[in-house]
Amino acid sequence: MRNLFVIMALALLVSSCKTLETEDMFYPENSYAGVEKKAVFTVRLTSADLERTTRPESVFRKKAMEKCFVHTARQVLELQPLLKGSLVAPVAHQDAGFFELKGQINPARATLTDDLVQDFQCSLHIYPYFSQAGEIVALEEQRTMVARGHRVTLTLFEGYPDEMPAYFVIGRKTSPQGVNLISIFGSGRIVQIVGKTSHGEDNLYRNQTLAQGIIMEANHEVAKEDLIFLARMDVRTIETAKETPDISSAPTETEDEIWVRPKVREQETAPSEMK
């Protein structure tokens, strides 16, 4: 009897130490839990910026994308949410892009420096869908851990952005109370799509894409096999006064929202708690 107890105890210990595989983190049913964060910010193009481009609109677009992610992803890292992965994505999200800019870019001019200034508002969406997820497969210089500023190699499971840079959050596999979840703790940007990998048609990873990324922020060190989720950002221009005070940067305002059951919305609704 005592030997049986020892064997059962060892079996439980081994099972509790089992490494969570990526496949274990994505459930066949739809997961409606997600994160949305909002921010209001200002983008300023200096004379130096304008000298380097003949298309200021494209510079505004790139800077708006970066600022949106920096402000909103920082809020996500403060929250460090737990997400439940899903193999299924709602139809409305399957073909959606990862960045959308709405409204006319019509910048104001700063009164003293002639800098161009444009105000924006944005929403960041993190969806725990397999089609928008990936995994860190290699670290810079074959390290075992990396931190801010280091390069990583990613595999994107299905979807991949067609505009660079693109952005992602980083999560670690965890299994509290026997439920496999992903704890979001870092952020990064994709700087290069390397190419597609080849797998069998019946393979879950048949549409994988290799990419190079850089870690932007992290609450702790990043390791191989950490998961990533591509960020989706909706940015809208805000009408700016035609003459603005000459200030180096406008204050940033943020609004938090955690939501359940993401869906396409025609108008703003009251935020709800994430379950």
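Just so it is clear, the values below take in all heavy atoms, side chains as well, and ignore hydrogens, waters and symmetry mates.
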*Could you list all the disulfide (SG to SG under 2.5 Å) pairs where at least one residue sits in residues 102-197, not counting sequence neighbours?*
Cys68-Cys122

_How long is the straight-line distance from CD1 of Ile126 back to CG of Leu83, given to the nearest 0.5 Å?_
8.0 Å

*Distance under 6.0 Å and angle within 45° of ring axis: Lys67 vs Phe120*: no

*Minimum side-chain heavy-atom gap Val35-Lys37 below 4.5 Å*: yes

*Using atom types as modelled and distance alone, determine if a side-chain donor or acceptor of Asn219 lies under 3.5 Å from a backbone N or O of Leu77.*
yes

*If every non-hydrogen atom of Ala211 is compared with every non-hydrogen atom of Ile190, which pair is closest and at what distance?*
CB-CG2, 4.0 Å

*With the 4.5 Å side-chain cut-off for hydrophobic clustering, are Val70 and Met65 part of the same group?*
yes

*Decide yes or no on side chain to side chain contact (heavy atoms under 4.5 Å, CB included) for Leu116 and Arg109, but give the supporting numbers first.*
CA-CA 5 Å; Leu116 295 182; Arg109 192 172 292 277; 3.5 Å; yes

*Applying disulfide (SG to SG under 2.5 Å), which residue pairs with at least one partner in residues 126-165 are found, sequence neighbours left out?*
none

_Heavy-atom side-chain contact between Phe99 and Arg232 under 4.5 Å_ = no

*Apply side chain to side chain contact (heavy atoms under 4.5 Å, CB included) to the pair Gln132 and Tyr129, showing each step before the final yes or no.*
CA-CA 5 Å; Gln132 298 178 19; Tyr129 307 140; 4.0 Å; yes

*Within the distance-only criterion (no hydrogens, no angle test), does the side chain of Thr237 pair as donor or acceptor with the backbone N or O of Gln104 below 3.5 angstrom?*
yes

*How about Leu227 and Phe26: do any of their side-chain heavy atoms sit closer than 4.5 Å?*
yes

*From Ile184 CD1 over to Asp226 CG, what is the distance, rounded to the nearest 0.5 angstrom?*
10.0 Å

*Using the salt bridge (Lys or Arg N to Asp or Glu O under 4.0 Å) rule, collect all pairs that involve residues 209-218, keeping only residues at least two apart or in two chains.*
Arg74-Glu217

*Considering all heavy atoms of both residues, which atom of Asn180 and which atom of Ser175 are nearest to each other, and what is their separation?*
OD1-OG, 3.0 Å

_Would the distance check show the side chain of Ser58 and the main-chain N or O of Arg55 forming a donor-acceptor pair, the cut-off being under 3.5 Å?_
yes

*Do the side chains of Val59 and Tyr167 join up, straight or via other hydrophobic residues, at under 4.5 Å, putting them in one cluster?*
yes

_Hydrophobic clusters here meaning ILVMFWY residues chained together by side-chain heavy-atom distances under 4.5 Å, can you tell me if Phe168 and Ile214 are in one?_
no

*Over all heavy atoms of both residues, which pair between Thr72 and Ala39 is shortest? Give the atoms and the distance, please.*
CG2-CB, 3.9 Å

*Apply side-chain hydrogen bond (donor to acceptor under 3.5 Å, both in side chains) to the pair Thr42 and Asp119, showing each step before the final yes or no.*
CA-CA 4 Å; Thr42 298; Asp119 295 329; 2.7 Å; yes

_When you group the ILVMFWY residues by side-chain heavy-atom contacts below 4.5 Å and let the links chain together, are Ile228 and Ile193 in the same group?_
yes

*Glu163 bridged to Lys62 by N-O distance under 4.0 Å*: no

*asked:* Is there a side chain to side chain contact (heavy atoms under 4.5 Å, CB included) between Asp49 and Lys63? Walk through the geometry before answering.
replied: CA-CA 11 Å; Asp49 293 323; Lys63 286 181 175 285; 4.1 Å; yes

*Can you hop from Val191 to Leu230 via hydrophobic side chains spaced under 4.5 Å?*
no

*Taking Tyr127 for the side chain and Ala89 for the main chain, is one N or O donor matched with an acceptor at less than 3.5 Å?*
no

*Drop me the distance from Leu45's CG to Glu51's CD, to the nearest 0.5 angstrom.*
12.5 Å

*asked:* Show every ring-ring contact (aromatic ring centres under 6.0 Å, His included) that has at least one partner inside residues 207-237, sequence neighbours left out.
replied: Phe185-His220

*asked:* Let's go through Thr46 and Asp115 carefully: what are the C-alpha distance in whole Å and the side-chain angles of both, what is the deciding distance for side-chain hydrogen bond (donor to acceptor under 3.5 Å, both in side chains) to 0.1 Å, and is it a yes or a no?
replied: CA-CA 5 Å; Thr46 65; Asp115 293 348; 5.3 Å; no

*Heavy-atom side-chain contact between Pro28 and Val88 under 4.5 Å*: no

*Is the closest side-chain heavy-atom distance between Ser187 and Ile170 below 4.5 Å?*
no

*Quickly, which of Lys102, Glu100, Gln121, Lys38 forms a side chain to side chain contact (heavy atoms under 4.5 Å, CB included) with Asp234? Name it, please.*
Glu100

*Please tell me if the side chains of Arg61 and Val43 come closer than 4.5 Å, counting only heavy atoms from C-beta onward.*
no

_Closer than 3.5 angstrom, by distance alone: can the side chain of Ser86 be matched with the main-chain N or O of Glu29 as a donor-acceptor pair?_
yes

*Give a yes or no on whether the backbone of Ile238 and the side-chain of Gln118 come within a donor-acceptor separation of less than 3.5 Å.*
yes

Enumerate donor-acceptor pairs with a distance under 3.5 Å from any side-chain N or O in residues 146-157 to protein atoms, sequence neighbours excluded.
| unit_1 | atom_1 | unit_2 | atom_2 | d |
| --- | --- | --- | --- | --- |
| Arg148 | NE | Met216 | O | 3.2 |
| His150 | ND1 | Ala147 | N | 2.9 |
| His150 | ND1 | Ala147 | O | 3.3 |
| Thr153 | OG1 | Gln212 | NE2 | 2.9 |
| Thr155 | OG1 | Gln208 | NE2 | 3.3 |

_Gap separating the CE atom of Met25 from the NZ atom of Lys84, nearest 0.5 angstrom_ = 11.0 Å

_Asp114 CG to Ser47 OG distance, which is reported to the nearest 0.5 Å_ = 8.5 Å

*Quick one: does Pro107's side chain get under 4.5 Å of Val117's, heavy atoms only?*
no

_Residue pair Glu239, Asn106: steps toward the side chain to side chain contact (heavy atoms under 4.5 Å, CB included) verdict_ = CA-CA 8 Å; Glu239 185 67 28; Asn106 186 22; 4.2 Å; yes

*Any pair counted as salt bridge (Lys or Arg N to Asp or Glu O under 4.0 Å), so long as it reaches residues 129-141, sequence neighbours left out*: Glu135-Lys173, Glu141-Arg143

